[in-house]
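A short worksheet on the structure shown next.
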Amino acid sequence: LLALETLRSSLRGDAASPAVAAAAANTGATRSRLCRAAATTSAVCPPATMAPQQTGSRKRKESALEAGAGSSSSQGLMSAGHGEGPLLPKKQKRPATLRSLVYYLKGRTVGAWGRAWLPGFEGKLRDYAVQRLPELLTERMLALGTLNKVFASQWLNATQVVCGTKCNTLFVVDVQSGQINRIPLMRDRMPALTRDQPTCGIHAIELNPSKTLLATGGENPNSLAVYQLPTLDPVCLGDRHGHRDWIFAIAWMSDTVAVSGSRDGTMALWRVDPDKFIGSSPWHKDASLPLYTHIHPKDIESIPRASSNPSNRKVRALAFSGKNQELGAVSLDGYFHLWKARSHLSRLLSIRLPYCRENVCLTYCDELSLYAVGSQSHVSFLDPRHRQQNIRPLCSREGGTGVRSLSFYQHIVTVGTGHGSLLFYDIRAQKFLEERASASLDSFLGPTGKKLKLTCGRGWLNHDELWVNYFGGVEEFPNALYTHCYNWPEMKLFVAGGPLPSGLHGHYAGLWS
């Protein structure tokens with residue numbers, strides 16, 4: 001719990017919380033528990049006597065005891081951390097006691113963030129918290145009325161999540177109160193031409209890096225809609241000379257540049273500058289609709305046709321590498337494409353994926369420089385700069401229902417499957433996280449060898465005529481987890497989706513915390 005609290009405070013940028021400070025001060029009562037936690041994170045548990053053993057005169061021994069007793073203060077930390085004076089051998093640059101959880105918490109209490117050893121210990125503690133968090137999560141389902149299949153979601157703040165559904169509804173749900181507020185969709189310049197066409201819903205919602213703009217689909221799913229945050233006022237709609245089919249994916253290159261990928265096999269680059277749109281004349285005259293500008297893409301490029309499957313080059317997912325300033329794209333014909341996005345799009349390479357059926361999700365980890373691609377039953381890892389991949393693909397083994405959502409955080413990959421379960425893969429150990437022998441928070445027993453799996457609830461299913469006639473009135477279907485998003489400062493995970501068969505109408509939404 002202290003490790004999780006430390007991670008939460010560091011992500012928020014706060015000082016040590018009262019709970020952590022109290023725990024650090026009361027080391028006598030919690031000593032054994034902290035030592036076990038420190039041992040788990042490869043930290044050294046301090047012995048009962050903190051003074052290092054010395055040989056020599058009595059004065060040297062008394063000085064060493066004074067240095068050990070005062071090591072919790074900032075002055076003691078500085079002298080012991082740098083190994084100054086004749087009290088310690090030269091090879092002991094830093095006493096083992098200063099790497100313990102007790103001293104870390106004491107250092108936070110006195111504000112010793114400048115010490116060189118504190119950030120390193122915090123990194124170990126954060127890794128430990130990220131690895132232990134999934135097994136501590138518990139589910140609370142959220143009711144969404146009669147909405148059909150949540151395809152996309154993003155956290156707006158500590159309590160609100162914005163979602164898009166198959167029934168073409170954009171809404172914000174408060175995860176504490178359960179209140180739902182629908183957001184009006186933007187209409188095309190020629191709405192009469194598209195209103196009667198069937199829609200696929202909203203498949204993508206993305207926030208720009210500064211979280212001042214939100215990009216998603218419009219009333220016409222071929223168009224790119226941009227909203228201002230936090231007010232969600234409409235800014236602009238990309239409906240001029242853009243995509244001819246549904247938008248499946250969106251990625252921000254910067255605060256003002258976004259790229260969209262479409263079912264028509266094209267990728268469009270859009271430049272969005274809200275300051276330039278102020279004062280521009282809107283197209284529509286409907287007083288009930290807010291004003292917004294209609295824009296066109298700065299560049300649009302087609303995905304190359306594969307000789308094996310030329311008719312199925314739909315762009316299904318995008319992921320941006322801020323480290324390399326490159327954009328990865330996955331198409332349904334089984335290829336991964338790498339693009340350089342500046343003032344225009346230029347393709348760098350195309351790679352045939354090892355598993356090419358139902359490649360519907362893609363994510364990127366800046367720390368590891370890796371793309372992860374989800375397919376029908378596997379997750380493949382790609383480093384475009386190395387043709388020979390050293391990380392073997394992982395198999396979800398969920399009955400062939402497919403990997404439907406992916407996310408990276410540090411070295412842990414979260415996998416949402418089409419069978420209503422969440423799996424967690426440690427990319428460094430190259431294995432799934434496993435269940436512990438005991439569910440107790442104070443237990444540090446080893447793993448059981450059984451894969452850690454969080455199974456989501458049944459959600460809501462519409463018992464309509466199609467359900468009765470074609471599915472035999474089956475009461476329960478596993479929900480495909482089409483989207484999930486973490487709120488790490490609050491230690492929360494939002495998960496949503498719906499029944500996998502396309503004809504069924506229903507949804508699932510849950511808060512794991």
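Just so it is clear, the structure is predicted and the values come from calculations on it, not from any experiment.
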Crowding at [atom1], [X] (>12 non-hydrogen neighbours, <6.0 Å):
X    : atom1 : result
Q179 : CD    : no
K340 : NZ    : yes
R240 : CZ    : yes

Enter the distance from [X]:[atom1] to [Y]:[atom2] here, rounded to the nearest 0.5 Å.
X    : Y    : atom1 : atom2 : result
S331 : R263 : OG    : CZ    : 14.5 Å
C361 : L481 : SG    : CG    : 11.5 Å
I303 : D264 : CD1   : CG    : 10.0 Å
T169 : R182 : OG1   : CZ    : 4.5 Å

Ring centres under 6.0 angstrom apart (H505, W460):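 Yes - the distance between ring centres of H505 and W460 falls below the 6.0 Å cut-off.
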I want to know whether W252 and F320 have ring centres closer than 6.0 Å.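 Between F320 and W252, which both carry aromatic rings, the centre distance is not below 6.0 Å.
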Just wondering, do H378 and V403 contact through their side chains at under 4.5 Å, heavy atoms?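 The answer is no; the side chains never approach within 4.5 Å.
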Are the side chains of P384 and F336 in touch, meaning some heavy atoms are under 4.5 Å apart?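 Result yes, sub-4.5 Å side-chain heavy-atom pair found.
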Any cation-pi pair here, R404 with Y482, using under 6.0 Å and within 45°?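 Checked: cation-pi criterion not met.
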With W155 as reference, evaluate V162, L207, V175 under the side chain to side chain contact (heavy atoms under 4.5 Å, CB included) test and give the passing residue.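 For W155, the side chain to side chain contact (heavy atoms under 4.5 Å, CB included) check succeeds only for V175.
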Identified side chain to side chain contact (heavy atoms under 4.5 Å, CB included) partner of L237 from the options R187, R189, H294: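 Checked R187, R189, H294 against L237; only one passes side chain to side chain contact (heavy atoms under 4.5 Å, CB included): H294.
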Side chains of T417 and S421: any donor to acceptor distance under 3.5 Å?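 Checked: S421/T417 side chains pair up, N/O donor to acceptor below 3.5 Å.
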Over 60° means perpendicular and under 30° means parallel, so classify the ring planes of F408 and F381, tilted if in between.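 Tilted, since the angle between the ring planes falls between 30° and 60°.
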Return the orientation label for the H337 and Y335 ring planes: parallel under 30°, perpendicular over 60°, tilted otherwise.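 Aromatic pair H337/Y335 classed parallel.
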